[in-house]
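See structure below.
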Number of protein chains: 2
Amino acid sequence: MEIGRSYSRLLTRLERAAVLTGADRELIADLPLSVANVEAGAAITAGHGERCFLVVNGFACGSQRLGGNKRQITSIFVPGDFAGLNGFLLPAATEHLSALGPAVIAALPCDALEDALHRSPRLAQAFRRRGLVEAAILREWITSLGRREALARVAHLICELVFRLQTVGLAGDLYVPICWTQVDVADACGISAVHANRVVQELRRLNLVEWTNKHLKVRDWDALAALAEFTGDYLREQAVQVRQSRIETPALASLGN
Amino acid sequence: MEIGRSYSRLLTRLERAAVLTGADRELIADLPLSVANVEAGAAITAGHGERCFLVVNGFACGSQRLGGNKRQITSIFVPGDFAGLNGFLLPAATEHLSALGPAVIAALPCDALEDALHRSPRLAQAFRRRGLVEAAILREWITSLGRREALARVAHLICELVFRLQTVGLAGDLYVPICWTQVDVADACGISAVHANRVVQELRRLNLVEWTNKHLKVRDWDALAALAEFTGDYLREQAVQVRQSRIETPALASLGN
DNA sequence: CGACCGATTGACACAGCTCAAATGAAGTGG
DNA sequence: CCACTTCATTTGAGCTGTGTCAATCGGTCG
């Protein structure tokens with residue numbers, strides 16, 4: 001049923017981005033997933049390039065390392081997200097994948113997913129939208145790292161996370177079971193671990209969040225969003241203007257800038 | 001001939017990512033571009049959403065603004081790059097486009113490009129690769145902003161810029177005519193204008209670059225790259241492993257993570 | 001010549017970093 | 001059930017990279 005839930009999360013999201021048929025849903029349900037538990041912080045590398053990964057439970061992240069053992073998390077994947085989808089097309093463009101806290105990850109051959117997308121233009125379109133949103137997320141992170149101070153950065157991360165979870169039917173009550181280390185937070189926000197601690201404490205002191213080892217609870221969403229200058233606009237996958245003539249055209253997919 | 005050169009830059013790059021036929025080249029050459037000069041710093045908005053833009057000469061950038069008039073440049077486009085390609089698919093995912101220094105920009109209807117890509121799977125594949133590289137660039141910027149100090153950040157920006165220019169046949173001699181403001185540099189690197197100035201001076205003092213109002217010249221590439229911890233890996237569009245079965249599948253396009 | 005814009009400098013303030021040590025929580029083995 | 005280890009969080013103190021403010025300088029253009 002773990003897997004069942006993950007399908008439904010994925011579907012929830014896809015249906016938001018495009019109108020799916022029963023056949024489309026079957027295509028998704030028939031994907032040959034092999035599920036595995038991954039330890040906190042462990043790398044996800046099984047069949048890298050050949051396979052891609054669906055986050056079933058918990059979180060995964062892509063990261064990059066610099067000299068002096070510096071680490072930067074470049075993307076975060078929540079349940080229902082796919083990771084490692086481009087490795088087979090462009091191996092050089094791959095990032096290191098690992099679990100953020102303990103996670104349940106399903107691997108599947110890229111071919112299989114590719115096939116499904118090839119069969120359903122609607123699925124393909126939904127995935128293309130997804131890709132654009134991911135690019136938008138990256139840009140938002142750039143803005144955050146470049147122009148927000150630490151407190152706002154962490155606040156923004158929380159807002160984004162909760163918002164994204166909500167689009168797959170989680171965190172409806174602003175509560176998230178989440179086992180991140182403060183080092184994880186630091187590496188995601190480009191700050192030091194010590195400072196991450198101080199920022200978290202400040203967020204608590206301001207009564208904006210409740211955040212422990214095991215869970216995160218947003219106590220005052222509006223104030224948090226205001227502090228972070230967060231709006232969820234960039235995360236919306238809905239087509240605002242749908243044009244018939246464009247539904248069937250897979251080509252423009254990843255032009256995204 | 002301005003336009004002719006821009007076609008050839010675009011082709012240079014595309015040929016590197018995929019094997020094109022004469023027909024493919026014609027498809028590109030037949031794109032209905034309307035070229036225009038854009039003043040330094042001016043916004044590029046003509047027919048936003050309906051049209052996308054090919055940089056012919058100079059530079060363009062995507063940026064985002066935060067309260068307190070803070071500005072962050074989230075992407076840079078060099079000659080031969082397309083910008084604004086996703087607006088019509090997902091309007092919310094659009095960024096502000098503007099010229100960095102005076103530029104020559106060609107606009108064309110998204111439909112036209114879409115059509116060309118629809119007709120040639122090879123072109124479509126090349127553009128998909130392009131999209132993956134753009135995502136890789138965004139991730140690299142995140143790492144830069146999060147974990148490099150100002151000097152290395154600026155150095156990295158220069159390296160990336162020169163490297164990208166070289167893939168379209170420019171800056172072969174490490175010389176670039178470039179009319180950026182130091183404020184532009186600051187906004188790209190997430191630092192203050194004053195500090196940008198000091199960093200540039202330091203780069204000069206170290207004899208790594210020569211950088212004025214009008215041009216940029218890298219004097220010691222190796223040292224600059226070492227300082228920036230730069231490698232061009234993430235910018236390579238070449239298929240390392242080409243598999244026949246995958247050439248024709250447009251779907252996976254923008255799954256990019 | 002004046003006006004304007006970008007580059008440059010200097011002085012000072014502060015956010016965030018580093019180092020180092022203490023505290024706390026969870027798990028292991030005896 | 002108690003040492004003992006281990007790992008994450010927390011705290012303190014001092015340091016430094018970068019930001020802010022406010023002038024000044026220099027070139028360009030009308």
Side-chain angles (χ1 to χ4, degrees), chain A residues 39-42 59 66-72 98-102 144-157 177-206 209-216 227-228, chain B residues 39-42 66-72 98-102 144-157 178-206 209-216 227-228:
Chain A
E39 276 181 24
F59 302 89
L66 250 49
N69 208 31
K70 290 184 207 302
R71 175 190 181 228
Q72 176 65 43
S98 53
L100 264 180
S144 223
L145 289 167
R147 290 304 187 202
R148 273 185 257 259
E149 59 177 25
L151 192 66
R153 254 184 246 180
V154 175
H156 193 275
L157 174 66
I178 188 173
C179 297
W180 293 14
T181 284
Q182 289 184 359
V183 172
D184 294 329
V185 177
D187 288 346
C189 295
I191 60 182
S192 72
V194 171
H195 201 59
N197 176 273
R198 290 183 174 128
V199 166
V200 169
Q201 287 182 59
E202 177 72 2
L203 288 174
R204 287 189 195 123
R205 201 187 60 72
L206 294 170
V209 303
E210 191 179 294
W211 197 350
T212 75
N213 230 346
K214 308 279 187 222
H215 73 276
L216 163 67
L227 171 62
Chain B
E39 276 181 21
L66 248 50
N69 209 31
K70 291 181 204 307
R71 174 190 184 227
Q72 176 65 44
S98 53
L100 264 180
S144 224
L145 290 167
R147 289 305 186 202
R148 274 185 256 259
E149 59 177 25
L151 192 66
R153 252 183 249 181
V154 176
H156 194 274
L157 173 66
I178 188 173
C179 297
W180 293 15
T181 284
Q182 289 184 355
V183 172
D184 293 330
V185 178
D187 288 345
C189 295
I191 60 183
S192 71
V194 171
H195 201 58
N197 176 272
R198 292 184 172 126
V199 165
V200 168
Q201 287 181 61
E202 177 70 4
L203 288 174
R204 287 189 195 122
R205 201 187 60 71
L206 294 171
V209 304
E210 191 179 293
W211 198 350
T212 74
N213 230 345
K214 308 276 185 227
H215 73 276
L216 163 68
L227 171 62

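Computed over heavy atoms, backbone and side chain alike; hydrogens, waters and symmetry mates excluded. In the text below, chain A, chain B and the rest are named by the order of the sequence lines, each starting its count at 1.
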| field | D184(A): partners by salt bridge (Lys or Arg N to Asp or Glu O under 4.0 Å), with sequence neighbours left out | value | R71(A)
| remark: With sequence neighbours left out, the residues meeting salt bridge (Lys or Arg N to Asp or Glu O under 4.0 Å) with E39(B) are none
Distance-only donor-acceptor pairs under 3.5 Å for side chains of residues 190-198 of chain A, two or more places apart:
residue : atom : partner : partner atom : Å
S192(A) : OG   : H195(A) : N            : 3.2
N197(A) : OD1  : Q201(A) : NE2          : 2.3
N197(A) : ND2  : Q182(A) : OE1          : 2.9

| note | Footprint ends on DNA chain D, 5' to 3', for atoms under 4.0 angstrom from a heavy atom of chain B, come out as dT18(D) to dC21(D)
What is the minimum heavy-atom distance between [X] and [Y], and which atoms define it?
{"X": "G101(B)", "Y": "A99(B)", "value": "O-CB, 3.4 Å"}
{"X": "C189(A)", "Y": "L145(A)", "value": "O-CD2, 3.2 Å"}
{"X": "L227(A)", "Y": "A155(A)", "value": "CD2-CB, 4.1 Å"}
{"X": "A228(B)", "Y": "A152(B)", "value": "CB-O, 3.8 Å"}

Please work out if [X] contacts a base, only the sugar-phosphate, or nothing of the nucleic acid, heavy-atom cut-off 4.0 Å.
{"X": "T181(B)", "answer": "sugar-phosphate"}
{"X": "V200(A)", "answer": "nothing"}
{"X": "R204(B)", "answer": "sugar-phosphate"}

| request: Give, for atom OG1 of T212(B) and atom CD1 of I178(B), the distance between the pair rounded to the nearest 0.5 Å. | output: 10.0 Å
| request: Between I191(A) and K214(A), name the one whose nearest nucleotide on DNA chain C is closer to the 5' end. | output: I191(A)
| request: Starting from the 5' end of DNA chain C, give me the residue, N213(A) or G190(A), whose nearest nucleotide shows up first. | output: G190(A)
| message | Under the rule for side chain to side chain donor-acceptor pair (under 3.5 Å), what residues qualify as partners of R148(A), not counting sequence neighbours? | response | E140(A), S144(A), H156(A)
Report the residues that fulfil side chain to side chain contact (heavy atoms under 4.5 Å, CB included) with [X], sequence neighbours left out, ordered by chain and then residue number.
{"X": "E202(A)", "value": "L151(A), R205(A), L206(A)"}
{"X": "E210(B)", "value": "H215(B), K217(B), R219(B)"}
{"X": "P177(A)", "value": "Y175(A)"}

| query | For DNA chain C, which nucleotides open and close the run of contacts to chain B, 5' to 3', at under 4.0 angstrom from a non-hydrogen atom? | reply | dA7(C) to dA11(C)
| remark: Between its two end axes (five pairs each) the helix from dC1(C)-dG30(D) to dG30(C)-dC1(D) turns, nearest 10 degrees, through 30°
| query | Which residues in residues 146-156 of chain A have at least one heavy atom lying under 4.0 Å from any atom of DNA chain C? | reply | E149(A), A150(A)
| query | For W180(B), which residues count as a ring pair (Phe, Tyr, Trp, His ring centres under 6.0 Å) partner, sequence neighbours excluded? | reply | F59(B)
